[in-house]
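Naming convention: chains lettered A, B, ... in sequence-line order (proteins, then strands); numbering from 1 in each chain. What you see below is based on every heavy atom in this structure, not just the backbone, and it leaves out hydrogens, waters and symmetry mates.
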Protein chains: 2
Amino acid sequence: MSHTGAIKPASDVSVAPLTGEAENIDFEFIELLFFAYRDFISDPDAILDTSGFGRAHHRVVHFVNREPGLTVAALLETLKITKQSLARVLKQLIDSGYITQVAGPEDRRQRRLYPTERGRELALALARPQSRRIAHAFEGLDEGGRAVVKAFLSGMINPAARPGAPDKTG
Amino acid sequence: MSHTGAIKPASDVSVAPLTGEAENIDFEFIELLFFAYRDFISDPDAILDTSGFGRAHHRVVHFVNREPGLTVAALLETLKITKQSLARVLKQLIDSGYITQVAGPEDRRQRRLYPTERGRELALALARPQSRRIAHAFEGLDEGGRAVVKAFLSGMINPAARPGAPDKTG
DNA sequence: TCGAATATGTCAGTTATGTTGACATAAATT
DNA sequence: AATTTATGTCAACATAACTGACATATTCGA
């Protein structure tokens, strides 16, 4: 393993590393985001492995805890998945007592979602290591640094869709 | 839809939004990361839908372009997936002419991976919208802001494993 | 009041991407 | 010559997404 460079192997082949200089493509941050998010998600994954749930359950438990009384439609809009996808994990979470459904007080077609005490504990257990990781990443940065990162991440997010836009929940 | 608060539906139910205040849990950044990464990944997804490839292909094409001559073992280590997982997408990328394999010049057991011209173009096409999104998120921030975000994202990433650590490539 | 629209649920089949386990081959190392 | 390493491959399986179709209860609008 002494040499490090690439050896040209054939004709229709690119041997130079793609740095993005020619087009000013920001490969550095593309990769930082990839690795940061992968490791960020690995913390709860380890916990979920134990309980038999997956990432899909994590997301549902998280948002139901953040906004108790959420309707199914609102949850679908937040997660941007289909109702058939949600149905499976939601059913498991309800059956195992992490989430309960309550008919909407004004619109009784709605099934408003609430966490049980158990669901609240799971949400906290999953969030703890992620929050610790974030705190670690902010070490050495001041309040201004926090504001900068918040501005950056906010700028990465798509503007919210107009309330009347078509959806894929059929 | 006149009321906004939650109505208490039963006994074993939490009705207050989970803010994380009690434990200082940083739900704000947990969600910022979730939405930022989801939208970040949606750009290439739209392109991939057209070509019949998926995210797994994207990652392979990306890293092979970034480091032409990469060995299969190095790629597996980077992606942290099993060789059986990689095999499927890598075969498709080779068969459709985006990547070529060349026996290692010093160790002929190795299959060093190179992008073809086509593969290089795909990598660029996938990276362009992501880079644009990053540039947009940096608007209004100076060079120091860039350094702050870089420090934050780097701090989110697990330290590299020791070179002799056990793996799951069996 | 009645028909249409809405909120949700469910059945059935498919796809993408990951997993484990077992085994094969060629080349390098000891 | 025997073992280890780098890679490939077959088979079975799990998760989580998808599309399409249809069912039910409730609300809303003409």
**Prompt:** Just how far, in rounded Å, is C1' of C:dT20 from CG of A:Asp49?
**Reply:** 14 Å
**Euclidean distance, atom CG of residue B:Leu79 to atom P of C:dG18 [Å, nearest integer]** = 8 Å
**Message:** Rounded to whole Å, how long is the line connecting atom CG of A:Leu86 with atom P of D:dA17?
**Reply:** 9 Å
**Asked** Rounded to the nearest Å, what distance is computed from the NZ atom of residue B:Lys80 to the P atom of nucleotide C:dT19?
**Response** 12 Å
**Message:** For a quick test of reading the model, state the closest non-hydrogen atom pair linking A:Ser14 to B:Thr116 and the distance between them.
**Reply:** OG-O, 4.2 Å
**Request:** To the nearest Å, give me how far apart CG (A:Leu76) and C1' (C:dT10) are.
**Result:** 14 Å
**Asked** Quick one: salt bridge (charged side-chain N to carboxylate O under 4.0 Å, His left out) pairs with a partner in residues 91-102 of chain A, sequence neighbours left out?
**Response** A:Lys91-A:Asp95
Could you pull out the protein-nucleic contacts involving nucleotides 28-30 of chain C (nitrogen or oxygen on both sides, under 3.5 Å)?
unit_1	atom_1	unit_2	atom_2	d
C:dA28	OP1	B:Arg108	N	3.3

**Message:** With a 3.5 Å cut-off and heavy atoms only, can you find an N or O donor on one side and an acceptor on the other between the side chain of A:Lys83 and the base of C:dG9?
**Reply:** yes
**Asked** In terms of side-chain heavy atoms of A:Gln84, which of C:dA7, C:dC11, C:dG21 is nearest?
**Response** C:dC11
**Message:** Between B:Gln101 and D:dT7, is there a contact of a side-chain N or O with OP1 or OP2 at under 4.0 Å?
**Reply:** no
**Fill in**
Quick note, salt bridge (charged side-chain N to carboxylate O under 4.0 Å, His left out) partners involving residues 146-158 of chain B, not counting sequence neighbours, are A:Asp26-B:Arg146, A:Glu28-B:Arg146, A:Glu28-B:Lys150
**Item:** Residue pairs passing the salt bridge (charged side-chain N to carboxylate O under 4.0 Å, His left out) test where at least one lies in residues 136-145 of chain A, sequence neighbours excluded
**Value:** none
**Item:** Interatomic spacing from OG1 in A:Thr19 to CD1 in A:Ile25 - rounded to 0.5 Å
**Value:** 9.5 Å
**Complete:** When rounded to whole Å, the CZ to C1' distance for the pair B:Arg112 and D:dT7 reads 14 Å
**Interatomic distance where CG belongs to B:Asp95 and C1' belongs to D:dG8 [whole Å]** = 13 Å
**Request:** To the nearest 0.5 angstrom, please state how far the CG atom of B:Leu18 sits from the CZ atom of B:Phe27.
**Result:** 4.0 Å
**Request:** Would you please classify the geometry between the B:Phe53 ring and the B:Tyr98 ring as parallel, tilted or perpendicular, with 30° and 60° separating the classes?
**Result:** perpendicular
Pairwise N/O distances under 3.5 Å, protein to nucleotides 12-16 of chain D:
unit_1	atom_1	unit_2	atom_2	d
D:dA16	OP1	A:Arg55	N	3.1

**Item:** For atom CG of A:Asp45 and atom P of C:dT17, their distance in whole Å
**Value:** 17 Å
**Prompt:** Of B:Ile94 and A:Arg111, whose nearest nucleotide on DNA chain D comes first from the 5' end?
**Reply:** B:Ile94
**Asked** If you look at every heavy atom in B:Gln101 and B:Leu90, which pair is closest and at what distance?
**Response** NE2-CD2, 4.4 Å
**Asked** What residue pairs, at least two apart or across chains, pass salt bridge (charged side-chain N to carboxylate O under 4.0 Å, His left out) with a residue in residues 49-67 of chain B?
**Response** A:Glu31-B:Arg66, B:Asp45-B:Arg55
